[in-house]
Protein chains: 2
Amino acid sequence: MKQTRNTAAKTEILKLINHSPVALSHAEIQSALNGLCDRVTIYRVLERLITEDEVHKVVNLEGVVKYASCHSCSSEEKHIHTHNHAHFSCEKCKEVTCMEDIEPSFKVPKNYQVHEMNFTLSGICPNCR
Amino acid sequence: MKQTRNTAAKTEILKLINHSPVALSHAEIQSALNGLCDRVTIYRVLERLITEDEVHKVVNLEGVVKYASCHSCSSEEKHIHTHNHAHFSCEKCKEVTCMEDIEPSFKVPKNYQVHEMNFTLSGICPNCR
DNA sequence: AAAATAACGCAACATTGTTGCAAATACAAA
DNA sequence: TTTGTATTTGCAACAATGTTGCGTTATTTT
Ligand SMILES: [Zn+2]
Ligand SMILES: [Zn+2]
Ligand SMILES: [Zn+2]
Ligand SMILES: [Zn+2]
């Protein structure tokens, strides 16, 4: 298992994501960092944060990849957390919000092996009405 | 309302999507067309097909946009079809399949106005086990 | 302090998607 | 069938996003 290090870039990016009420895209993170590190480094840090289960990836309805922390899961249970909650993608402001309370029920044909689910609702968020 | 025309590109692209059991990406469509038309034309045709409700857009877990026809909806009801069904995204072969039978139930906070939903399950498809 | 390893910056590249504009085409009216 | 015109296309140019290789820097271990 590869050792992982704490760097300024990683610390700042994680702080950003943890403090944001909505999921952030690479571009949004980059402009918020204000030149702290290279574009490529952001990609690599995000990748690392995901494998370390610090953040999770969400894709909005346009296919834009966003990153969010899981506010609800304590650090002890992070390694078992599957991030299988719903997300809301606003058509107006394009913001993506985790809705950790919504757990949809469904059934699949038994020949499909389900590992993860991505349940994204879209419409208008409370701020945009 | 702008008039729309049937062209070779449009006909072929729609035929491709309609005959495919899985959702197709722009790149897949392009290579299947074998130089029939320009890359840009494919983007424009797909856009047209979506507004005409001939096909719908799905985003897989990696954020790749794919296009699929709706086999279940007859041409008469296309204009009212909301494409609110589930999709399965295979981790191995990356194929996206419409699962039109699955309709998840859920509830959202009432200050969110839901227009559409994108429910994508991922795992291993029957072909890949 | 030195060695080992992880992370970084930079450049270069690949892929995906968008826009403007002139030329080609589809289609309906004459 | 020919003509008129709005729609569609190709091409070129660009923007945005994501990836890779490699030499340098920083952190951790010995
Ligand atoms: Zn909004
Ligand atoms: Zn989330
Ligand atoms: Zn598969
Ligand atoms: Zn579908």
Side-chain angles (χ1 to χ4, degrees), chain A residues 1-17 22-68 89 91 93-96, chain B residues 1-17 22-68 89 91 93-96:
Chain A
M1 185 61 163
K2 204 176 163 190
Q3 176 83 8
T4 169
R5 296 176 184 178
N6 284 329
T7 63
K10 185 181 164 187
T11 309
E12 278 311 303
I13 291 172
L14 185 55
K15 200 195 293 179
L16 259 177
I17 296 176
V22 296
L24 299 174
S25 67
H26 174 277
E28 287 160 346
I29 293 169
Q30 182 177 12
S31 77
L33 285 180
N34 216 53
L36 171 77
C37 69
D38 193 74
R39 226 166 54 82
V40 179
T41 300
I42 302 177
Y43 280 114
R44 298 200 257 230
V45 167
L46 288 171
E47 208 176 339
R48 236 183 304 156
L49 288 175
I50 286 174
T51 63
E52 290 169 17
D53 280 314
E54 296 280 351
V55 305
H56 64 285
K57 210 191 250 195
V58 208
V59 176
N60 80 359
L61 285 198
E62 274 105 11
V64 179
V65 176
K66 305 224 172 185
Y67 302 86
S89 173
E91 289 164 1
C93 64
K94 311 289 179 197
E95 284 189 347
V96 174
Chain B
M1 182 62 162
K2 203 176 162 190
Q3 176 83 9
T4 169
R5 294 174 185 183
N6 284 328
T7 63
K10 185 181 164 187
T11 308
E12 279 310 304
I13 292 172
L14 184 55
K15 199 194 295 178
L16 260 177
I17 296 175
V22 296
L24 299 174
S25 67
H26 174 277
E28 288 160 344
I29 293 169
Q30 184 177 12
S31 77
L33 285 180
N34 215 54
L36 172 76
C37 69
D38 194 74
R39 227 168 54 83
V40 180
T41 301
I42 302 178
Y43 281 113
R44 299 200 258 228
V45 167
L46 288 171
E47 207 177 340
R48 236 183 304 155
L49 288 175
I50 286 175
T51 63
E52 290 170 17
D53 281 315
E54 295 281 350
V55 305
H56 64 283
K57 211 191 250 195
V58 207
V59 177
N60 79 0
L61 287 196
E62 275 104 11
V64 179
V65 176
K66 304 223 173 187
Y67 303 86
S89 173
E91 290 164 0
C93 64
K94 312 287 180 198
E95 284 189 348
V96 174

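Just so we're on the same page: letters track the sequence lines, and every chain starts at 1. What you see is a predicted model, and the numbers here were worked out from it, not measured in a lab.
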| said: I'd like to check the salt bridge (charged side-chain N to carboxylate O under 4.0 Å, His left out) partners of A:K10; sequence neighbours left out, ordered by chain and number. | reply: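 Result, salt bridge (charged side-chain N to carboxylate O under 4.0 Å, His left out) vs A:K10: A:E52.
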| request: Would you please name every residue forming a salt bridge (charged side-chain N to carboxylate O under 4.0 Å, His left out) with A:E62, sequence neighbours left out? | output: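 With sequence neighbours excluded, A:E62 shows a salt bridge (charged side-chain N to carboxylate O under 4.0 Å, His left out) to A:K94, given in chain and number order.
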| query | To the nearest angstrom, how far is A:I29 atom CD1 from D:dA16 atom C1'? | reply |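 Spelled out: CD1 on A:I29 to C1' on D:dA16 is 16 Å.
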| Interatomic distance, A:L46 CG vs D:dT19 P [rounded to whole Å] |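 Going from CG in A:L46 over to P in D:dT19 covers 11 Å.
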| said: To the nearest 0.5 Å, what is the distance between CG on A:L49 and OH on A:Y67? | reply: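 Rounded to the nearest 0.5 Å, the CG-OH separation comes out at 10.0 Å.
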| request: Would you name the heavy atoms of A:V59 and B:V59 that are closest together and state the gap between them? | output: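 Scanning both residues completely, I find the closest heavy atoms to be CG1-CG1, 3.1 Å.
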| Bend angle of the helix from C:dA1-D:dT30 to C:dA30-D:dT1 from five-pair axes at both ends, rounded to 10°? |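 It comes to 30° between the two terminal axes.
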Atom pairs and distances, donor-acceptor, side-chain atoms in residues 31-48 of chain B, under 3.5 Å, two or more places apart:
from: B:S31; atom 1: OG; to: B:E28; atom 2: O; distance (Å): 3.3
from: B:D38; atom 1: OD2; to: B:V40; atom 2: N; distance (Å): 2.9

| For B:V96, what residues pass the side-chain contact (heavy atoms from CB on, under 4.5 Å) criterion, not counting sequence neighbours? |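 Counting only residues at least two positions away or on another chain, B:V96 forms a side-chain contact (heavy atoms from CB on, under 4.5 Å) with B:A23, B:V58, B:N60, B:K66, B:H87, B:S89.
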| In chain order, what residues pass the side chain to side chain donor-acceptor pair (under 3.5 Å) check against B:E12, with sequence neighbours excluded? |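 B:E12 satisfies side chain to side chain donor-acceptor pair (under 3.5 Å) with B:K15 once adjacent residues are dropped.
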| said: For B:Q30, give me all partners under side chain to side chain donor-acceptor pair (under 3.5 Å), at least two apart in sequence or on another chain. | reply: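 Checked B:Q30 against side chain to side chain donor-acceptor pair (under 3.5 Å); zero matches.
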| Which nucleotides of nucleotides 7-20 of chain C have their base under 4.0 Å from a protein heavy atom (B), which only their sugar-phosphate (S), and which neither (-), written as one string 5' to 3'? | SSBBB----BBBBB
